> 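Okay, handing you the structure first.
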Amino acid sequence: MPELPEVEVVRRGLERWVAGRTVAAVEVLHPRAVRRHLEGADHFVADLTGATITAAHRRGKYLWLPLARDGVATGRVLVGHLGMSGQLLVEKPDEPREKHLRARFTFTDGGRELRFVDQRTFGGLATEDAGEGGLPVRVAHIAVDPLADDFDADAFAAALRRRRTEVKRALLDQTLIGGVGNIYADESLWRARLHGARPTDKLTRRQVDDLLEGIRDVLAESLAQGGTSFDSLYVDVNGQSGYFSRSLAVYGQLDRPCPRCGTPIRRESFMNRSSYSCPSCQPRPRARRS
DNA sequence: AGCTACTCCTGTCGGC
DNA sequence: TGCCGACAGGAGTAGC
């Protein structure tokens with residue numbers, strides 16, 4: 001559920017509240033939380049106990065925290081993905097346990113603990129070797145996200161137009177562009193006045209540039225407001241919600257007027273989820289001839 | 001190889 | 001009330 005801005009908000013919280021601290025103990029309360037750690041929960045716990053978290057990184061919707069022992073990097077990293085409903089919370093040890101608490105980390109300084117809470121258990125944690133340039137292997141397939149310094153707009157435009165699929169599918173493909181999910185895909189398509197079913201190989205370079213500008217703007221604006229949250233599921237490490245939901249033009253705005261032209265926003269089913277768009281600004285493409 | 005559909009979960013909401 | 005289906009911000013994977 002959380003997309004790039006929401007995950008970046010969490011990363012900043014981890015950097016501020018967790019980096020530099022040494023893990024005293026780890027408790028895994030639900031096996032699914034570490035299901036992608038193939039060596040098992042005990043190995044996961046042993047890998048982290050006594051390790052110092054040195055930083056907090058993000059690519060797309062993945063987070064990873066490098067580990068050190070005795071001041072020396074171990075070459076291992078803690079990788080996390082929030083999935084649809086995951087939260088990483090920094091809380092006082094005496095706070096009551098959340099209903100969906102899946103793992104908790106205490107620290108040698110006796111201060112606030114780190115909790116992984118995840119209602120739907122689509123998210124997860126694992127440790128692994130830091131790969132090339134410190135990038136974990138399980139994150140390596142994720143494309144550089146559009147807010148990163150090394151994002152290559154020309155390469156993105158070329159790769160997008162090489163695809164033979166619909167533009168919204170492409171935006172949700174994390175190997176093509178990192179960090180965009182259902183909300184920000186719809187919002188950026190609206191900004192670029194494109195219907196999500198437009199074929200990628202028919203987009204002009206100008207349209208791709210408009211789309212990219214829409215993506216960058218909407219992600220940056222959302223991040224500046226602390227991300228989007230409709231309810232208490234999407235929060236920073238202190239449990240606080242962002243405010244960008246007030247600024248959404250189309251997502252979740254069925255029958256409300258398009259902020260640009262006033263036409264009521266429509267909802268369509270797409271890839272088994274909802275897509276919102278303006279029928280006037282974003283006309284559906286004619287069926288592709290095969 | 002590239003693309004699509006399915007699947008993993010829990011909770012909430014609206015209709016009957 | 002309660003039961004049932006639809007839906008929720010993701011992504012790995014099997015299969016075509």
Side-chain angles (χ1 to χ4, degrees), chain A residues 1-10 29-38 58-63 79-87 98-102 116-126 128 136-143 145 159-189 196-197 199-201 215 218-219 222-223 225-236 241-254 267-276 288 290:
Chain A
M1 275 189 164
E3 305 183 37
L4 187 152
E6 295 76 40
V7 179
E8 175 60 16
V9 164
V10 171
L29 295 133
H30 194 300
R32 273 186 60 80
V34 294
R35 70 191 178 287
R36 300 207 181 277
H37 187 90
L38 300 180
R58 179 192 57 76
R59 177 179 282 191
K61 303 166 196 170
Y62 274 90
L63 293 162
V79 182
H81 197 293
L82 301 178
M84 293 284 272
S85 57
Q87 303 173 323
E98 291 77 7
K99 181 175 182 186
H100 301 296
L101 180 63
R102 307 305 188 195
F116 179 60
V117 177
D118 189 7
Q119 176 196 110
R120 294 175 70 186
T121 69
F122 288 179
L125 305 173
E128 66 169 275
V137 172
R138 80 184 69 223
V139 183
H141 69 289
I142 302 294
D145 60 63
L160 183 70
R161 292 200 287 172
R162 239 181 351 252
R163 292 288 176 98
R164 288 186 62 83
T165 187
E166 296 165 322
V167 63
K168 184 168 176 181
R169 284 182 188 280
L171 291 184
L172 296 178
D173 181 346
Q174 303 298 303
T175 68
L176 192 62
I177 185 165
V180 179
N182 205 30
I183 293 182
Y184 299 114
D186 279 3
E187 292 295 312
S188 22
L189 287 165
T200 47
D201 58 342
I215 294 168
V218 76
L219 293 178
S222 177
L223 184 54
Q225 293 182 55
T228 300
S229 43
F230 303 126
D231 54 44
S232 58
L233 274 186
Y234 310 102
V235 294
D236 68 15
S241 294
Y243 295 102
F244 193 70
S245 57
R246 299 175 187 173
S247 309
L248 296 172
V250 290
Y251 187 86
Q253 308 300 307
L254 179 64
R267 186 178 83 88
E268 297 168 294
S269 190
F270 179 80
M271 291 171 76
N272 288 327
R273 43 174 54 100
S274 295
S275 290
Y276 297 90
R288 176 200 284 268
S290 55

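These numbers come from a predicted model, not from an experiment. These values consider heavy atoms only, across backbone and side chains, with no hydrogens, waters or symmetry-generated copies. Naming: A, B, ... by sequence-line order, numbering from 1 per chain.
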> For A:H81 and C:dG12, is the shortest distance between a side-chain N/O and OP1 or OP2 below 4.0 Å?
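No, because none of the side-chain N or O atoms of A:H81 sits under 4.0 Å from OP1 or OP2 of C:dG12.
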
> Using a strict cut-off of less than 4.0 Å between a Lys/Arg side-chain nitrogen and an Asp/Glu carboxylate oxygen, indicate whether A:R164 and A:D201 qualify as a salt bridge.
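Counted as a salt bridge, because a side-chain N and a carboxylate O are separated by less than 4.0 Å.
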
> What is the nucleic acid contact for A:Y251, judged by heavy atoms within less than 4.0 Å: base, sugar-phosphate only, or nothing?
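Result for A:Y251 = sugar-phosphate.
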
> Taking heavy atoms of chain A and a 4.0 Å limit, find me the 5'-most and 3'-most nucleotide of DNA chain B within that range.
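Counting from the 5' end, contacts occupy B:dC3 to B:dG11.
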
> Would you mind telling me which residue lines up with the more 5' stretch of DNA chain B, A:R35 or A:R169, judged by nearest nucleotide?
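The residue mapped nearer the 5' terminus is A:R169.
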
> Rounding to a whole Å, what distance do you find between A:Q87:CD and C:dG9:P?
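In whole Å, C:dG9 P and A:Q87 CD are 16 Å from each other.
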
> Given side chains that start at C-beta, do those of A:L171 and A:L189 come closer than 4.5 Å, heavy atoms only?
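Result yes, sub-4.5 Å side-chain heavy-atom pair found.
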
> May I ask you to test the A:V180-A:L4 pair for a side-chain heavy-atom distance under 4.5 Å?
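SC-SC contact between A:V180 and A:L4 ruled out.
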
> Scan A:H30 against the nucleic acid and name what it touches under 4.0 Å (heavy atoms): base, sugar-phosphate only, or nothing.
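Here A:H30 touches no strand at all.
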
> Just the rounded figure in Å: distance from C1' of C:dA11 to CG of A:N182.
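About 13 Å, once rounded to whole Å.
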
> Using purine N1 to pyrimidine N3 plus N6-O4 or O6-N4 for Watson-Crick, or N1-O2 and O6-N3 for G-U wobble, each under 3.5 Å, what pairs with B:dC9?
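Checking every strand shown, B:dC9 finds no partner, since no pair has both distances under 3.5 Å.
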
> Strictly by modelled atom types, are A:T228 and A:Y184 linked by a side-chain donor-acceptor pair under 3.5 Å?
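Present: a donor and an acceptor within the cut-off.
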
> Rounded to the nearest angstrom, tell me the gap between atom CG in A:L171 and atom P in C:dA11.
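A:L171 atom CG is separated from C:dA11 atom P by 13 Å.
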
> Charged N to carboxylate O below 4.0 Å: is that the case for A:D118 and A:R32?
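Result for this pair is no, no salt bridge flagged.
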
> Please classify the nucleic acid contact of A:F244 as base, sugar-phosphate, or nothing, using heavy-atom distances under 4.0 Å.
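Nothing, no heavy atom under 4.0 Å.
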
> Report the nucleotide, chosen from C:dC7, C:dG9, C:dG12, that has the shortest atom-to-atom distance to any side-chain atom of A:T228.
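For the A:T228 side chain, the nearest candidate turns out to be C:dG9.
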
> Looking at C:dG2, which nucleotide sits across from it as a Watson-Crick or G-U wobble partner, both distances under 3.5 angstrom, or is there none?
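Paired with C:dG2, as far as the under-3.5 Å criterion goes, is B:dC16.
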
> Does A:S274 make a side-chain N or O approach to OP1 or OP2 of C:dA8 shorter than 4.0 Å?
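Yes, within the criterion.
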
> Side chains of A:K99 and A:V117: does their closest heavy-atom pair fall under 4.5 Å?
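In short, these two side chains do not touch, never coming nearer than 4.5 Å.
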
> Tell me whether the OP1 or OP2 atom of C:dG9 has a side-chain N or O from A:Y276 closer than 4.0 Å.
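Looking at the OP1 and OP2 atoms of C:dG9, neither is under 4.0 Å from any side-chain N or O of A:Y276.
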
> Taking the P atom of each, how far is B:dA1 from C:dA11, in whole Å?
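Their P atoms lie roughly 24 Å apart.
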
> For A:Q119 and C:dC7, what is the distance between atoms CD and P respectively, to the nearest whole Å?
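That distance rounds to 18 Å.
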
> To the nearest angstrom, how far is A:L219 atom CG from C:dG9 atom P?
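Taking atom P of C:dG9 as the reference, CG of A:L219 is at 16 Å.
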
> Using the C1' atom on both, measure B:dC3 against C:dG9 and round to a whole Å.
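Those two atoms are separated by 23 Å.
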
> When you compare the side chain of A:K168 with that of A:F270, does any pair of heavy atoms fall below 4.5 Å?
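With C-beta onward as the side chain, the pair touches.
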
> State whether A:K61 and A:E3 are salt-bridged, where the test is any N-O pair (Lys NZ or Arg NE/NH1/NH2 against Asp/Glu carboxylate O) under 4.0 Å.
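Answer for the salt bridge query: no.
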
> If you take atom types as modelled and just measure distance, does the side chain of A:R273 reach the base of C:dG10 with a donor-acceptor pair under 3.5 Å?
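Check passes, donor-acceptor contact within cut-off.
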
> C:dA11 P sits how many Å from A:D145 CG, rounded?
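It works out to 12 Å between those atoms.
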
> Starting from P on C:dT13, measure out to CG on A:D173 and report it in whole angstrom.
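My rounded result for the distance is 15 Å.
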
> Whole-Å distance between C:dA8 C1' and A:L82 CG?
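Going from A:L82 (CG) to C:dA8 (C1'), I get 15 Å.
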
> Which heavy atom of A:A33 sits nearest a heavy atom of A:R102, and at what distance?
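Heavy-atom minimum between the residues: CB-CB, 3.7 Å.
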
> With the stacking rule set at 5.5 Å and 30°, tell me whether A:F122 counts as stacking on C:dG10.
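Stacked: centres under 5.5 Å apart, planes under 30°.
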
> Classify A:R138 by what it touches in the nucleic acid, base, sugar-phosphate, or nothing, heavy-atom distance under 4.0 Å.
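No contact.
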
> For nucleotides B:dG11 and C:dG12, find the distance between their P atoms and express it as a whole number of Å.
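Roughly 24 Å separates the two P atoms.
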
